[in-house]
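A quick write-up on the structure given underneath.
Both ligands and their constituent atoms are indexed starting at 1 by order of listing. Position 1 is the first residue of the sequence, and the numbers go up from there. A quick note: this is a predicted structure, and the numbers were derived from the prediction, not measured.
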Amino acid sequence: MSLEEYQKLRDFKKSPEPEGSIKQAGMNIFAVHEHDASHLHYDLRLGMGGVLRSWAVPKKPPEKAGVRRLAIKTEDHPLEYADFEGTIPEGMYGAGNVRIWDKGEFILEKESEDELLFELKGKKLTGKYALIKTKFKGKDSWLFFKRK
Ligand code: MN
């Protein structure tokens with residue numbers, strides 16, 4: 001777990017985003033940001049190992065079983081990013097509006113190299129979910145869906 005890539009991509013003198021540090025979390029949290037950047041997308045963030053592991057989801061995350069969403073792994077974010085909302089200035093990495101779309105408790109059930117099984121207790125996303133690595137569209141592609 002490292003925030004090196006996250007910090008390298010940003011200029012914290014110009015961006016309102018938190019610089020952050022790796023912390024040991026109490027309760028595990030998740031957050032989904034609606035990010036109105038060059039393309040509107042959703043950023044799924046799971047509190048694991050003192051950081052928020054992150055995936056960019058191009059379409060709205062599934063609230064019901066039966067819908068699979070592509071999720072592209074992105075750089076780990078600091079835990080305090082779960083509370084971040086604001087506008088990343090023009091010309092900066094990820095420029096655009098960021099708001100919290102959902103947030104709540106995250107309970108990890110199973111973790112392996114290519115599979116994460118977990119429960120989410122948010123307002124929109126509740127129940128048992130999975131992230132499964134897929135070969136579709138390159139090495140950082142996962143499928144995100146609600147389990148039956
Ligand atoms: Mn984003």
Any N/O/S atom, backbone or side chain, of H33 lying under 2.8 Å from the Mn ion (ligand 1)? no
Would you say that more than 12 heavy atoms from the other residues, nucleotides or ligands in this model lie under 6.0 Å from the NZ of K121, or not? no
Among the N/O/S atoms of D43, which is closest to the Mn ion (ligand 1)? Give the atom name. OD2
In H35, the N/O/S atom nearest the Mn ion (ligand 1) carries the name ND1
Supply the atom-to-atom distance D76 CG to L52 CG, rounded to the nearest 0.5 angstrom. 8.5 Å
What's the separation between atom CD1 in I132 and atom OG1 in T134, rounded to the nearest 0.5 Å? 10.0 Å
Are a donor atom and an acceptor atom from the side chains of S54 and R45 found within less than 3.5 Å of each other? yes
